[in-house]
Amino acid sequence: MAFINQKKKEVQVKIVYYGPGRGGKTTNLEYIYNKFNHRIKTEIVAIKTHGDRTLFFDFLPFNIGKIKGYDAKIQLYTVPGQVKYNATRSLVLRGVDGIVFVADAMTVRQDKNILSLENLRENLSLYKKSISKIPLVFQYNKMDLAEQGIPLLSYETLQQTLNSQLKVPAFQASALLGTNVVQTMKKIITMTLTSLQKELE
Amino acid sequence: MTEKNNTITNEVETRLDELFMEDDSAPDNVPEEKEQNSHKKLRDLKAAILSIDWEINDDIMSSLLHRIKALRKDYQNDRIIFMFLQLLEAVGKYIKTNKGNAHPTSIKLLNSMFYNLEKVIYDSTMPISKRKNILKTEIKRFKILKEQIVGQKGRYEIPEEYEQKIAPAEQEETIVLDQEVIEPSEPSIPVDENTRISAEIAAAVEQIKSVIQSEFNALRADLRQWMKENN
Ligand SMILES: Nc1nc2c(ncn2[C@@H]2O[C@H](COP(=O)(O)OP(=O)(O)OP(=O)(O)O)[C@@H](O)[C@H]2O)c(=O)[nH]1
Ligand SMILES: [Mg+2]
């Protein structure tokens with residue numbers, strides 16, 4: 001549940017980037033940070049193992065100004081995608097308001113996407129949340145690899161395997177090049193704040 | 001969708017559009033042709049590195065080595081990046097020679113070296129000392145890998161010309177680095193799988209402990225905040 005402070009007229013929204021290891025979650029946050037840190041005045045906090053794997057989480061907070069008279073604070077998190085870090089993953093989900101599921105479009109990662117989505121469903125249920133109710137956006141990442149001749153899953157296949165029941169918005173993206181990174185983020189923030197509209201009236 | 005719902009949606013959308021406009025005149029987006037060109041080459045190299053995640057064959061490895069060479073030309077005047085590329089090349093050659101039998105650490109090392117190379121290349125404001133430290137760490141890992149390989153097979157299969165190549169490139173203030181690289185490796189201590197695994201478990205336990213600790217700290221802080229506000 002979002003943290004809403006009626007006295008201070010403040011709303012704090014937690015958005016978590018979820019998905020299989022090496023799918024590009026951290027790269028999403030890095031792109032946003034590198035591109036906009038001069039405008040949103042923030043710092044990124046990243047806790048990594050040696051190499052580039054996320055160990056605990058990445059954290060990128062920023063304010064977007066007043067919405068419905070409330071100061072709106074957005075917090076973007078990523079979880080560590082590696083299977084072995086499930087304890088951390090479920091901790092990071094505590095109090096989540098909206099989720100971006102970053103799927104890896106490489107054909108060889110198909111099973112990992114499916115397992116990770118299943119894992120998200122389970123971890124949400126620990127907090128009595130349902131994947132079909134929480135604001136959720138899919139991002140099919142690494143589309144740029146097509147031009148390198150690397151086999152990718154088609155948009156249709158990804159939709160069918162991941163999104164056929166949920167039917168939430170989905171973006172084809174390249175976190176590396178920044179394609180649709182911002183669109184994905186805007187969509188999830190809008191959906192999440194919209195889901196809180198009753199509380200913000 | 002109700003009307004109210006619509007207004008909040010519109011309000012948020014408009015705000016986000018203002019904040020996150022992707023005009024390319026943004027100050028962090030200074031395109032410089034040569035710069036961009038080598039970034040493109042770096043991306044090509046990355047794709048090659050990604051693809052050895054699931055298959056190692058002569059074609060893939062040749063193209064990987066080819067892409068390293070292409071970058072080396074661009075960076076011949078930048079000693080740190082140049083050395084990075086030499087390290088990558090050495091590990092790449094080793095993997096090409098040994099393919100499926102390559103020591104698993106070598107593939108990890110290739111990835112971490114590449115990751116750090118990217119960091120050094122993309123962050124043009126990184127101080128020299130930091131770049132050097134990153135390079136040193138990779139050289140250390142490289143040495144450890146060499147030792148592991150010796151332990152594994154009793155002979156060492158990192159292409160030897162690597163050592164000769166490194167030596168002339170590094171002369172003045174980074175002599176320490178030189179020595180680290182060209183020093184013949186000591187008789188290796190065979191890596192004991194069990195020792196390593198239990199060290200990993202210990203590390204994991206430490207990780208979990210500190211996660212829990214920081215979670216508790218966060219909870220306590222939340223609680224204090226909450227009590228303050230409700231008093
Ligand atoms: N070609 C390409 N590579 C990408 C893209 N997004 C991420 N990568 C690369 O994929 C690797 C993993 O990306 P990360 O952002 O660290 O992945 P992650 O999901 O945070 O991984 P974990 O922290 O282990 O869960 C890195 O080398 C990225 O540069 C993309 O859109 N295209
Ligand atoms: Mg990560």
Side-chain angles (χ1 to χ4, degrees), chain A residues 3 5 7-8 22 32 34-40 47 49-53 55-57 62-68 72 84-85 87-88 91-92 94-95 106-109 142 144-145 147-150 176-178 181-183 185-187 189-198 200-201, chain B residues 1-2 4-22 24 26-29 39 43-44 46-48 50-51 53-55 63 108-109 111-116 118-119 122-123 137-138 141 200 203-204 207-208 210-212 214-215 218-219 222 225-226 229-230:
Chain A
F3 183 74
N5 187 323
K7 261 192 214 157
K8 286 207 263 172
R22 305 200 71 75
I32 295 163
N34 289 331
K35 186 98 185 167
F36 298 108
N37 69 62
H38 58 285
R39 232 176 291 170
I40 57 182
I47 308 173
T49 51
H50 69 255
D52 54 347
R53 315 304 303 271
L55 178 52
F56 296 138
F57 51 78
F62 53 87
N63 297 345
I64 60 166
K66 289 214 187 311
I67 298 292
K68 291 259 152 218
K84 60 182 169 188
Y85 294 138
T88 308
L91 278 179
V92 174
R94 186 172 69 97
M106 290 199 288
T107 306
V108 289
R109 300 281 159 83
K142 303 196 183 172
D144 62 287
L145 289 175
E147 72 177 51
Q148 305 276 358
I150 290 181
L176 193 66
L177 303 182
V181 167
V182 171
Q183 285 77 354
M185 175 194 66
K186 283 179 177 174
K187 191 75 190 174
I189 295 177
T190 307
M191 283 168 66
T192 308
L193 280 167
T194 302
S195 76
L196 297 172
Q197 52 115 11
K198 262 200 213 106
L200 295 179
E201 284 308 323
Chain B
M1 232 181 234
T2 67
K4 271 181 196 164
N5 195 334
N6 254 322
T7 41
I8 185 166
T9 307
N10 289 339
E11 194 178 338
V12 176
E13 275 176 351
T14 319
R15 176 67 42 76
L16 292 176
D17 285 344
E18 285 163 16
L19 267 174
F20 296 101
M21 207 165 17
E22 286 185 282
D24 285 328
D28 44 0
N29 227 359
H39 285 185
R43 278 216 311 280
D44 290 346
K46 174 180 225 147
L50 271 176
S51 59
D53 255 12
W54 66 92
E55 195 181 354
S63 113
K108 278 193 199 151
L109 185 63
N111 275 294
S112 90
M113 277 177 179
F114 182 79
Y115 168 74
N116 281 313
E118 262 188 319
K119 260 208 311 222
Y122 284 130
D123 185 354
T137 315
E138 291 308 320
R141 288 185 190 146
E200 274 172 11
Q207 278 163 22
I208 291 171
S210 65
V211 172
I212 291 175
S214 65
E215 267 306 290
L219 278 171
D222 277 357
Q225 177 78 9
W226 184 84
E229 270 151 23
N230 291 279

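Residue numbers start from 1 in every chain, and the chains themselves are labelled A, B, ... in the order their sequence lines are given, proteins ahead of strands.
Only the side chain of A:M106 comes within contact range of chain B, judged by heavy atoms closer than 4.5 Å. Using a 4.5 Å cut-off between heavy atoms, A:L145 contacts chain B through its side chain alone, with no backbone atom that close. Both the backbone and the side chain of A:I64 come within less than 4.5 Å of a heavy atom in chain B. Heavy atoms of B:L109 lying under 4.5 Å from chain A are absent altogether.
Residue with the most contacts toward chain A among B:E13, B:E18, B:E11: B:E11 (heavy-atom pairs, distance under 4.5 Å). Chain B forms the most heavy-atom pairs under 4.5 Å with one residue out of A:K84, A:M191, A:M185, and that residue is A:M185.
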Worked check of side chain to side chain contact (heavy atoms under 4.5 Å, CB included) between A:K35 and A:V181 = CA-CA 11 Å; A:K35 186 98 185 167; A:V181 167; over 6 Å; no

Given side chain to side chain contact (heavy atoms under 4.5 Å, CB included), test A:N34 with B:Y122 step by step and report yes or no.
-> CA-CA 11 Å; A:N34 289 331; B:Y122 284 130; over 6 Å; no

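From A:I189, atom CD1 reaches atom NZ of A:K187 across 12.5 Å, with rounding to the nearest 0.5 Å. A:L196 contributes atom CG, which lies 13.0 Å from atom NZ of A:K68 (distance to the nearest 0.5 angstrom).
Checked against salt bridge (charged side-chain N to carboxylate O under 4.0 Å, His left out), B:D44 has the following partners two or more places apart in sequence or in another chain: B:K40.
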